[in-house]
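One structure is given below, encoded as structure tokens.
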Number of protein chains: 2
Amino acid sequence: MDQAQQRYHHGDLRSALLHAATKRIDEHGVDSLSLRKLAEDVGVSRSAPYHHFADKNGLLSAIAAEGFRQWHHTARTIFEQQTLAPSARFRQFIHEYVGYAADHPQLYELMFGRILWQAQSATDDLKAVAYPCFQFQVEMTRYWQESGLLPAGPEPLRLAQVTWGTLHGIARLLIDGIYADRSHIEQMCDTAAQLFMQASANHE
Amino acid sequence: MDQAQQRYHHGDLRSALLHAATKRIDEHGVDSLSLRKLAEDVGVSRSAPYHHFADKNGLLSAIAAEGFRQWHHTARTIFEQQTLAPSARFRQFIHEYVGYAADHPQLYELMFGRILWQAQSATDDLKAVAYPCFQFQVEMTRYWQESGLLPAGPEPLRLAQVTWGTLHGIARLLIDGIYADRSHIEQMCDTAAQLFMQASANHE
DNA sequence: CTTTAAATCTTGACAGTGTCAACATAGCCT
DNA sequence: AGGCTATGTTGACACTGTCAAGATTTAAAG
């Protein structure tokens with residue numbers, strides 16, 4: 001009764017679970033997360049989490065949502081650095097995106113992976129945070145098109161899908177360890193940036 | 001004893017398992033595959049598969065390997081169509097790649113997903129088939145560079161990682177249903193192809 | 001205050017899963 | 001014919017997510 005962890009009511013179980021789960025995922029990957037072990041770690045019975053999350057997907061969605069909030073903030077910060085030239089910001093964005101994925105591979109996997117997005121397992125709550133994040137990618141692309149950095153021809157949405165797809169693809173090849181490793185990151189990003197910017201150069 | 005499925009020795013259990021598993025994956029996804037159900041479907045006890053595959057990963061690796069063989073063949077066929085102009089073949093390759101992923105999302109997920117490639121779960125057998133497939137991507141890229149279709153600047157490997165990354169990324173956004181769906185495929189591929197080819201155009 | 005309702009947590013249980021050890025059967029080779 | 005090896009079976013273990021029923025604490029209402 002005196003020890004906080006042995007009270008019948010934990011007090012702040014929801015955030016305790018989120019915290020512990022986030023740590024676990026970051027260190028050992030999404031697949032290693034077991035609700036039962038998690039509950040035990042937090043010092044609570046195995047079905048207590050169900051009073052705070054509908055199911056395992058609910059927990060995962062909440063963690064992913066937090067990731068999207070953080071990334072959205074980071075992206076906006078880079079994009080709004082008015083002191084830097086658009087091209088410099090573009091390059092920085094690319095490096096930052098891939099760097100973020102490489103630094104938090106497990107979280108990235110959760111945020112953009114099949115677990116949550118396949119079969120409609122994503123919570124409405126998660127969608128509410130993620131979609132504006134996707135939308136922002138399109139806004140940036142439109143801006144870079146208007147700045148003459150990217151080709152003006154394609155629709156912003158279409159082009160955003162391709163440029164974002166490129167970053168996403170590079171990130172996944174890295175994370176999954178497919179024919180690319182961390183020592184290639186900088187060169188890959190530079191190559192990608194150069195490729196995109198060259199594409200618009202001959203249309204001026 | 002008269003019925004083939006009730007014999008003590010199945011006769012060709014290995015390929016029966018592969019066949020049933022491939023079908024199951026194609027229709028319901030990798031996650032839905034259970035060794036026990038699979039064994040039951042084939043009409044065999046739950047631990048019989050272990051005499052043909054080291055573990056579940058062994059089975060999955062074998063299926064993925066077959067996928068790589070098929071894809072490698074398809075890719076080579078497209079690439080070696082000497083009658084078509086390099087640019088046409090390039091475009092066709094892009095469409096075919098994304099199309100293949102969209103047509104066999106579950107198999108693509110298995111072939112290039114984290115299940116097999118993370119944590120060294122890929123069999124040596126699988127690696128032996130997959131790596132030449134990756135390598136071929138680099139060879140094609142080198143050829144397209146020499147043809148003036150892609151920028152000559154970057155190293156083939158680096159550029160291949162980026163172009164392949166783009167296709168891989170687009171495929172995954174599609175498969176995972178992230179801000180892109182099948183109706184966008186053609187336009188996305190065209191945009192990507194145009195983007196890459198424009199990049200080299202102003203260096204002639 | 002006291003009573004009632006809601007939020008929270010616990011134990012018991014169920015249907016799954018992959019995997020292994022020990023045992024049974026069939027086919028092949030000497 | 002005998003024995004080795006490949007193949008298949010049952011029993012068991014340690015997990016997993018999830019739910020129902022009951023216990024306990026807190027908050028709200030009378």
Side-chain angles (χ1 to χ4, degrees), chain A residues 1-21 24-25 28-64 110 114-116 118-123, chain B residues 1-21 24-25 28-64 110 114-116 118-123:
Chain A
M1 215 184 274
D2 30 15
Q3 280 199 321
Q5 294 164 351
Q6 292 184 0
R7 285 191 312 234
Y8 190 91
H9 281 82
H10 180 284
D12 200 7
L13 181 56
R14 191 190 148 92
S15 60
L17 286 170
L18 282 175
H19 190 263
R24 172 93 203 163
I25 288 175
H28 301 93
V30 198
D31 298 317
S32 83
L33 186 79
S34 142
L35 278 192
R36 296 174 96 112
K37 279 182 187 165
L38 189 67
E40 198 176 7
D41 284 0
V42 176
V44 98
S45 96
R46 58 190 176 280
S47 71
Y50 287 87
H51 290 270
H52 300 272
F53 303 97
D55 53 8
K56 196 178 182 181
N57 268 327
L59 211 190
L60 296 179
S61 289
I63 293 174
L110 177 62
R114 152 190 60 110
I115 305 179
L116 292 178
Q118 212 178 37
Q120 282 86 12
S121 19
T123 307
Chain B
M1 213 182 277
D2 30 14
Q3 281 200 319
Q5 295 163 351
Q6 292 184 0
R7 286 192 312 235
Y8 192 92
H9 282 81
H10 180 284
D12 200 6
L13 182 55
R14 190 190 147 93
S15 61
L17 286 170
L18 282 175
H19 190 263
R24 171 92 203 162
I25 288 175
H28 300 93
V30 199
D31 297 318
S32 84
L33 186 80
S34 142
L35 278 192
R36 297 174 96 114
K37 279 182 187 165
L38 188 67
E40 198 176 6
D41 283 2
V42 177
V44 98
S45 93
R46 59 190 176 279
S47 70
Y50 286 88
H51 291 272
H52 300 273
F53 303 97
D55 53 10
K56 195 177 183 181
N57 268 327
L59 210 191
L60 295 179
S61 289
I63 293 174
L110 177 61
R114 152 190 60 110
I115 303 178
L116 293 178
Q118 212 179 37
Q120 282 87 16
S121 19
T123 306

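Chain letters run A, B, ... following the sequence lines, proteins first, then strands; residues in each count from 1.
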Whole Å only: how far is the CG atom of Leu38(A) from the P atom of dG17(D)? 9 Å
Please state how far atom CD1 in Ile115(A) lies from atom P in dT16(D), giving the value in whole angstrom units. 16 Å
For Asp31(B), which residues count as a salt bridge (Lys or Arg N to Asp or Glu O under 4.0 Å) partner, sequence neighbours excluded? Arg114(A)
Quick one: Leu59(A) CG to dT18(D) P, roughly how many Å, whole number? 10 Å
Minimal heavy-atom distance between Ala62(A) and Phe53(A), with the atoms involved, is CB-CE2, 4.0 Å
Nucleotide dG16(C), atom C1' - distance to CG of Asp55(A) in whole Å: 16 Å
In residues 45-53 of chain B, what residues come within less than 4.0 Å of DNA chain D, judged by heavy atoms? Ser45(B), Arg46(B), Ser47(B), Ala48(B), His51(B), His52(B)
Kindly compute the distance separating CD1 (Ile63(B)) from CG (Leu17(B)), expressed to the nearest 0.5 Å. 9.0 Å
Identify, with sequence neighbours excluded, every residue that meets side chain to side chain donor-acceptor pair (under 3.5 Å) alongside Ser15(B). Asp12(B)
Contacts satisfying salt bridge (Lys or Arg N to Asp or Glu O under 4.0 Å) that involve residues 38-47 of chain B (not counting sequence neighbours) are none
Residues of residues 28-37 of chain A with a heavy atom under 4.0 Å from any atom of DNA chain D, listed by number, are Leu33(A), Ser34(A), Leu35(A), Arg36(A), Lys37(A)
Test of understanding: with salt bridge (Lys or Arg N to Asp or Glu O under 4.0 Å), list the residues that count as partners of Arg24(A), not counting sequence neighbours. none
Judged by atom type as modelled, is there a donor-acceptor pair below 3.5 Å linking the side chain of Lys56(A) to the main-chain atoms of Leu33(A)? yes
Do any N or O atoms from the side chain of Ser61(A) and from the backbone of Leu116(A) form a donor-acceptor pair under 3.5 angstrom? no
Whole Å only: how far is the CG atom of Leu17(A) from the P atom of dG17(D)? 13 Å
